[in-house]
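Just below is one structure, and these are the notes that go with it.
Predicted, not measured: the structure shown is a model, and the values here were computed from it.
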Amino acid sequence: SQPEGNGNWKKAVLLPQTCLLHALRDLVHNNQESQHLAGDCGAVDVVLSIIANAPHNESLQLEGSETLLNLIEDCAENQARAKAAGGFEMLATVAAKQPPKSQAHLALDALRAGERFASRLLATDFGRLHAEATAIADVALRGVALGQLLALASFVEDFLRRYDIKDVSEHSKTKGESIRWETLNMYQ
């Protein structure tokens with residue numbers, strides 16, 4: 001049975017969740033190491049569970065959306081975790097009740113970041129620096145210096161750690177899976 005009174009018992013039950021979300025949100029904000037550690041400990045699932053279990057509590061859903069945004073922004077592993085746990089559907093439901101540019105909309109955009117990786121890639125310093133090609137007619141004069149190859153590898157590794165990009169190649173054994181640096185091949 002529920003305690004008598006003016007409904008403060010509901011606030012008391014939700015207060016620990018709100019405090020947890022607030023603390024986690026601040027802990028992982030702009031901190032990749034904390035994002036990874038929190039993700040490894042199940043934080044993405046916990047936040048999505050809180051959002052799912054409070055469909056009529058707007059403030060808890062907004063706090064949850066902001067916390068999820070800080071967990072998944074620029075963190076491919078947590079983006080993949082959120083997608084696997086039904087994050088698209090939950091965030092779309094919350095975002096539908098909110099004005100554009102709300103935390104729920106921003107979290108939904110962060111979850112979809114890997115779907116628009118080509119435009120994100122071209123917007124980077126590396127992408128702008130290498131946007132134009134130089135034609136070299138003589139094949140014998142074409143080549144890549146080791147430094148250029150290492151710079152490309154570093155850029156690709158960082159990009160794949162930031163965005164969850166799905167393998168869409170029809171001929172790939174990993175079609176539909178997230179592309180990871182550790183398993184990257186030239187056909188993805």
Are the side chain of Asn78 and the backbone N or O of Gln35 linked by a donor-acceptor pair below 3.5 Å?
yes
In Å and rounded to the nearest 0.5 Å, what is the SG to NE2 distance from Cys41 to His36?
13.0 Å
Is there side-chain contact between Phe126 and Leu121, with at least one heavy-atom pair below 4.5 Å?
no
Is the closest side-chain heavy-atom distance between Gln32 and Cys75 below 4.5 Å?
no
Assess the residue pair Tyr163 and Phe117 against the criterion (ring pair (Phe, Tyr, Trp, His ring centres under 6.0 Å)); give the C-alpha distance rounded to whole Å, side-chain angles, the decisive distance to 0.1 Å, and a yes or no.
CA-CA 8 Å; Tyr163 305 108; Phe117 74 92; 9.1 Å; no
Lys173 side, atom NZ; Asp167 side, atom CG - distance, nearest 0.5 Å:
12.5 Å
Taking only residues two or more places apart in sequence, or in another chain, which ones meet Arg161 in a side chain to side chain donor-acceptor pair (under 3.5 Å)?
Glu157, Glu182
Could you tell me which non-hydrogen atom of Ile72 sits nearest to which non-hydrogen atom of Ala107, and how far apart they are?
CD1-O, 3.5 Å
Do you see a donor-acceptor pair shorter than 3.5 Å between the side chains of Thr183 and Asn185?
no
Look up atom CZ in Arg162 and atom CD in Glu73, then write down how far apart they are to the nearest 0.5 Å.
9.0 Å
Ala52 and Met90 have their tightest heavy-atom pair at CB-SD, 3.6 Å
I want to check something: taking the side chain as every heavy atom from C-beta on, are Asn70 and Asp26 in contact at a cut-off of under 4.5 Å?
no
Shared hydrophobic cluster, Val94 / Leu106 (ILVMFWY, side-chain heavy atoms < 4.5 Å):
no
Per the side chain to side chain donor-acceptor pair (under 3.5 Å) rule, which among Gln79, Arg112, Lys83 passes with Asp164?
Lys83
When rounded to the nearest 0.5 Å, the distance separating CZ of Phe159 from CD1 of Ile179 is 11.0 Å
Can you give me the closest heavy-atom contact between Ala82 and Leu111, atom names plus distance?
CB-CD1, 3.6 Å
Any idea which heavy atoms bring Leu24 and Ala38 closest together, and the distance?
CD1-CB, 4.0 Å
Donor-acceptor contact below 3.5 Å, side chain Gln61 vs main chain His56
no
Could you point out which residue of Ile50, Val44, Ile51 forms a side chain to side chain contact (heavy atoms under 4.5 Å, CB included) with Val47?
Ile51
List in chain and number order the residues that pass side chain to side chain donor-acceptor pair (under 3.5 Å) with Asp125, two or more places apart in sequence or in another chain; answer none if no residue qualifies.
Arg128
Verdict with reasoning, Val46 to Leu20, per side chain to side chain contact (heavy atoms under 4.5 Å, CB included)
CA-CA 10 Å; Val46 169; Leu20 170 71; 4.2 Å; yes
Distance-only side-chain donor-acceptor flag, Ser178 / Lys166, under 3.5 Å:
yes
Less than 4.0 Å between a side-chain N and a carboxylate O, is that true for Lys175 and Glu170?
yes
May I ask you to test the Leu62-Gln98 pair for a side-chain heavy-atom distance under 4.5 Å?
yes
Hey, is the main chain of Glu89 close enough, under 3.5 Å, to the side chain of Thr93 for a donor-acceptor pair?
yes
Hphob cluster co-occupancy, Leu160 + Leu122, side-chain heavy atoms under 4.5 angstrom
yes
Do Leu91 and Ser65 have side chains that approach each other closer than 4.5 Å (heavy atoms only, starting at C-beta)?
yes
Assess the residue pair Glu58 and Lys97 against the criterion (salt bridge (Lys or Arg N to Asp or Glu O under 4.0 Å)); give the C-alpha distance rounded to whole Å, side-chain angles, the decisive distance to 0.1 Å, and a yes or no.
CA-CA 9 Å; Glu58 184 177 335; Lys97 303 175 202 172; over 6 Å; no
Using a 3.5 Å distance criterion without hydrogens, assess whether the side chain of Ser119 forms a donor-acceptor pair with backbone atoms of Arg116.
yes
Locate the shortest heavy-atom distance separating Arg142 from Ala137; write the atom from each residue and the value.
NH2-O, 3.7 Å
Going by the rule side chain to side chain donor-acceptor pair (under 3.5 Å), which residues pair with Ser49 if we only count those two or more places apart in sequence or in a different chain?
Asn53
Tell me whether Asp45 is salt-bridged to Arg81, with the criterion being a basic N under 4.0 Å from an acidic carboxylate O.
no
Answer whether the closest heavy-atom distance between the side chains of Leu108 and Leu69 falls below 4.5 Å.
no
Could Arg120 and Asp74 be called an ion pair, given the rule that one side-chain N must be under 4.0 Å from one carboxylate O?
no
To the nearest 0.5 Å, tell me how far Thr124 OG1 sits from Phe155 CZ.
3.5 Å
